[in-house]
2 protein chains.
Amino acid sequence: MAITIKDVARESGVNISTVSRALNNGYGVNPQTRELVLNVANRLNYRPNRVARGLVTGRSHSFALIVSDIRNPFFAEVARGAADAARSDKCDLVLCNSDLDPIRQMEYVKSVLEKRVDGILMNSVAALNPEEQRQLAECGVPIVLLNRSASNRAFSTVTADNEAGGVLAAQHLLKLGHRHIAHLTGPRQHGNMTDRTRGFVQTLLAAPEPVNPVVLYGAFNYEGCRDLTNKLLDHHPEITAIFAANDVMAFGTVRAAMDRGLRIPDDLSLIGFDNIEFSSVIHPPLTTIHQPKYEMGYAAVEMLMGLAKEKNNRTPESRVLGVELIERQSCAERH
Amino acid sequence: MAITIKDVARESGVNISTVSRALNNGYGVNPQTRELVLNVANRLNYRPNRVARGLVTGRSHSFALIVSDIRNPFFAEVARGAADAARSDKCDLVLCNSDLDPIRQMEYVKSVLEKRVDGILMNSVAALNPEEQRQLAECGVPIVLLNRSASNRAFSTVTADNEAGGVLAAQHLLKLGHRHIAHLTGPRQHGNMTDRTRGFVQTLLAAPEPVNPVVLYGAFNYEGCRDLTNKLLDHHPEITAIFAANDVMAFGTVRAAMDRGLRIPDDLSLIGFDNIEFSSVIHPPLTTIHQPKYEMGYAAVEMLMGLAKEKNNRTPESRVLGVELIERQSCAERH
DNA sequence: CTCGATACTGCAAACGTTTCCGATGTTATC
DNA sequence: GATAACATCGGAAACGTTTGCAGTATCGAG
């Protein structure tokens with residue numbers, strides 16, 4: 001059917017091994033025959049079969065990206081970074097959506113392992129039981145975890161400096177003179193969230209005039225935080241500033257505030273986390289903590305490619321990337 | 001290294017061919033030996049090597065998704081649908097971002113062809129010259145194009161009914177009593193855009209009391225449409241309703257209106273296209289034309305999987321999915 | 001009891017590469 | 001001028017499967 005290395009060997013009168021060497025810029029092949037082979041290959045429109053190649057080399061030049069949902073703008077950005085990094089080394093990315101369902105997650109892992117990917121980038125193993133985690137750690141291919149503090153030493157990680165982000169948010173609010181501050185976040189015990197929360201709360205408590213924030217736990221999404229904000233303001237009308245654990249939650253706060261006739265930032269200061277694209281589009285443009293999402297994806301597969309090359313001595317690495325306060329228009333001085 | 005079919009064959013005392021048959025639910029294998037083999041495979045934790053399998057069967061069970069940028073929420077949604085469809089048949093998706101750059105696009109096509117994907121889903125071939133398009137059409141694997149009207153009969157397509165969407169938008173604005181209407185869209189000659197524009201304009205012109213809309217061409221993004229809106233309202237202050245070619249553009253219009261002290265929908269009605277997630281989050285929640293993005297992705301790879309199975313007689317198919325008016329709060333009756 | 005059909009299984013080729021090894025021819029060294 | 005080093009190339013094994021073909025055993029029918 002398709003034309004193979006044999007065809008170009010026959011056509012150029014050499015052995016297939018010579019063709020292979022010529023094509024792979026290999027040494028030990030006469031420049032003239034090399035050029036000849038290249039010409040023939042070109043003329044026949046020869047396309048090497050990478051799966052045959054992979055079978056013998058044992059490397060597939062592809063990586064798996066297992067995220068909870070690519071529709072989450074955060075992961076889309078990470079995915080783009082990951083794909084670009086892969087491309088820079090002629091690798092590619094297979095996309096898997098787990099919805100954080102442990103079953104799906106393990107299914108995908110099994111599937112991509114059978115396809116012999118060279119590494120896996122996944123965003124969470126929290127839902128997995130210890131047995132599954134052990135299984136993962138010993139699966140033979142490098143795995144890097146996204147935005148999980150390196151709790152499990154078996155895996156490599158790349159993460160944003162979530163704690164520093166919390167600190168930044170606290171400092172900003174403090175500087176603006178706020179004294180009645182709340183923090184709205186997701187379910188308790190969510191790994192990287194606690195880092196943000198810790199940085200935020202501790203900074204507030206350690207201030208010259210310490211403030212003890214009220215922190216509420218809810219769902220991680222728009223509606224959840226809309227409800228959470230209403231609950232908060234019902235019980236704590238004195239609050240003048242809110243730190244939401246991510247931008248989408250902050251949007252929920254914006255909506256709740258609007259419904260209550262509160263103006264942002266005049267009546268209520270608000271700060272988010274992530275700096276997703278729409279945080280600058282919404283009204284008012286959201287002050288937030290920027291997470292280097294693209295860079296995280298990029299760094300993660302760079303790390304994977306490095307690990308894939310050293311089959312022996314594969315010690316997990318960890319990398320934490322800096323965050324940044326993006327001042328827009330959702331925060332004001334307390335009046 | 002990894003354990004292979006030979007290991008389980010040796011361990012269970014049968015030939016590798018029997019193992020293969022037993023594992024593939026093949027007929028012609030004794031139920032007892034089948035169970036034996038299955039047990040051994042399980043005990044040894046055998047994982048079939050899909051690349052070896054692919055080498056002999058000629059099918060890789062993977063598809064390529066080439067979009068301009070996965071960070072575009074539209075494509076993220078499509079990707080999710082595509083990935084889910086692939087998963088339903090134990091296939092997977094490799095993700096490629098072309099930025100609509102013809103070079104990148106062809107590079108990716110070449111790359112995934114060498115990896116022997118079973119099909120390609122791509123969002124545009126408009127940037128490609130005829131020679132490249134011909135090359136694509138004859139590449140040997142099925143290709144379906146996303147949201148391109150079937151201009152090139154060589155490819156399969158799945159698309160939303162863009163023209164109907166334009167009609168819907170026009171009817172809605174007409175019903176609300178608007179007489180001074182504008183349409184803001186992307187660069188001229190953009191394939192599927194002209195469908196939306198045509199449906200919109202023709203419906204307006206064909207009304208009992210025809211209205212001749214002003215249509216402006218600009219860039220496809222937030223900033224572009226913000227500028228476009230300002231230009232529009234500078235020259236046509238009489239306008240009371242705007243149809244933006246997509247939601248992100250509509251967001252730009254929202255921003256421009258706000259800057260000008262115009263209130264939506266009181267002073268200006270606005271209708272978007274796409275129904276991306278954030279269109280319900282923004283203020284005011286955007287009335288828009290819903291495109292079945294997830295379903296489009298899903299349908300596209302279903303189509304690919306079908307085509308992949310019939311190696312012969314591969315006639316391009318086309319499928320157009322319905323759109324829907326989503327009424328929210330950015331449109332009001334003309335007062 | 002024989003024979004053909006049937007169920008099961010083994011053998012070996014094939015898929016398209018890479019790569020080790022050895023063969024040959026060429027050049028440099030003394 | 002012999003030998004060693006080197007460059008170039010071909011032969012063949014290997015990667016881990018699937019699958020067509022043939023062989024054997026079992027079984028029912030006549």
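What you see below is based on every heavy atom in this structure, not just the backbone, and it leaves out hydrogens, waters and symmetry mates. Labels below follow one simple rule: chain letters A, B, ... track the order of the sequence lines, proteins then strands, and each chain is numbered from 1.
- Annotation: the span from R116(A) atom CZ to T57(A) atom OG1 amounts to 12.5 Å, rounded to 0.5 Å.
- L55(A) places its CG atom 8 Å from the C1' atom of dT17(C), with the value rounded to the nearest Å.
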query = When you check every protein heavy atom under 4.0 Å of nucleotides 5-12 of chain C, what one-letter string (B, S, -) results, 5' to 3'?
reply = ---SBBBB
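- At a threshold of 4.5 Å between non-hydrogen side-chain atoms, the residues V320(A) and V158(A) do not count as touching.
- Looking at T159(A) and N147(A), their side chains do bring a donor and an acceptor atom within 3.5 Å of each other.
- Going from atom NZ of K6(A) over to atom C1' of dA12(D) covers 13 Å, rounded to whole Å.
- When the salt bridge (Lys or Arg N to Asp or Glu O under 4.0 Å) test is applied to E132(B), no partner is found at least two apart in sequence or on another chain.
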ask   = Given R87(A) and E107(B), is the salt bridge (Lys or Arg N to Asp or Glu O under 4.0 Å) satisfied, shown in steps?
value = CA-CA 10 Å; R87(A) 194 180 95 95; E107(B) 270 181 12; 2.6 Å; yes
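- Within a heavy-atom distance below 4.0 Å of DNA chain D, the residues of residues 35-54 of chain B found are Y46(B), R47(B), P48(B), N49(B), A52(B), R53(B).
- Partners of K110(B) by salt bridge (Lys or Arg N to Asp or Glu O under 4.0 Å), not counting sequence neighbours: none found.
- Within residues 108-117 of chain A, no residue has any heavy atom closer than 4.0 Å to DNA chain D.
- Residues forming a side-chain contact (heavy atoms from CB on, under 4.5 Å) with D92(A) (at least two apart in sequence, or on another chain): S62(A), V94(B), S111(B), K115(B).
- Residue S20(A) places at least one side-chain N or O closer than 4.0 Å to OP1 or OP2 of dT18(C).
- For the side-chain hydrogen bond (donor to acceptor under 3.5 Å, both in side chains) test, no residue two or more places apart in sequence or in another chain qualifies with Q135(B).
- Residues satisfying the salt bridge (Lys or Arg N to Asp or Glu O under 4.0 Å) test with R47(A), not counting sequence neighbours, are none.
- Residues satisfying the side-chain contact (heavy atoms from CB on, under 4.5 Å) test with T33(A), not counting sequence neighbours, are V29(A), N30(A).
- Here I70(A) contributes atom CD1 and R71(B) contributes atom CZ; the two are 11.0 Å apart, rounded to the nearest 0.5 Å.
- With sequence neighbours excluded, the residues that form a salt bridge (Lys or Arg N to Asp or Glu O under 4.0 Å) with D89(B) are K309(B).
- Protein atom CD of Q32(A) is 17 Å distant from nucleotide atom P of dA7(D), rounded to whole Å.
- In this structure, the CD1 atom of I5(A) is 5 Å from the P atom of dT17(C), given to the nearest Å.
- Rounded to whole Å, the distance from CG on D7(A) to P on dC15(C) is 11 Å.
- Partners of V40(A) according to the side-chain contact (heavy atoms from CB on, under 4.5 Å) rule, which considers only residues two or more places apart in sequence or in another chain, are V8(A), E11(A), S12(A), L36(A), R43(A), L44(A).
- Comparing the helix axis at one end of the helix from dC1(C)-dG30(D) to dC30(C)-dG1(D) with that at the other, each defined from 5 consecutive pairs, gives an inter-axis angle of 50° (nearest 10°).
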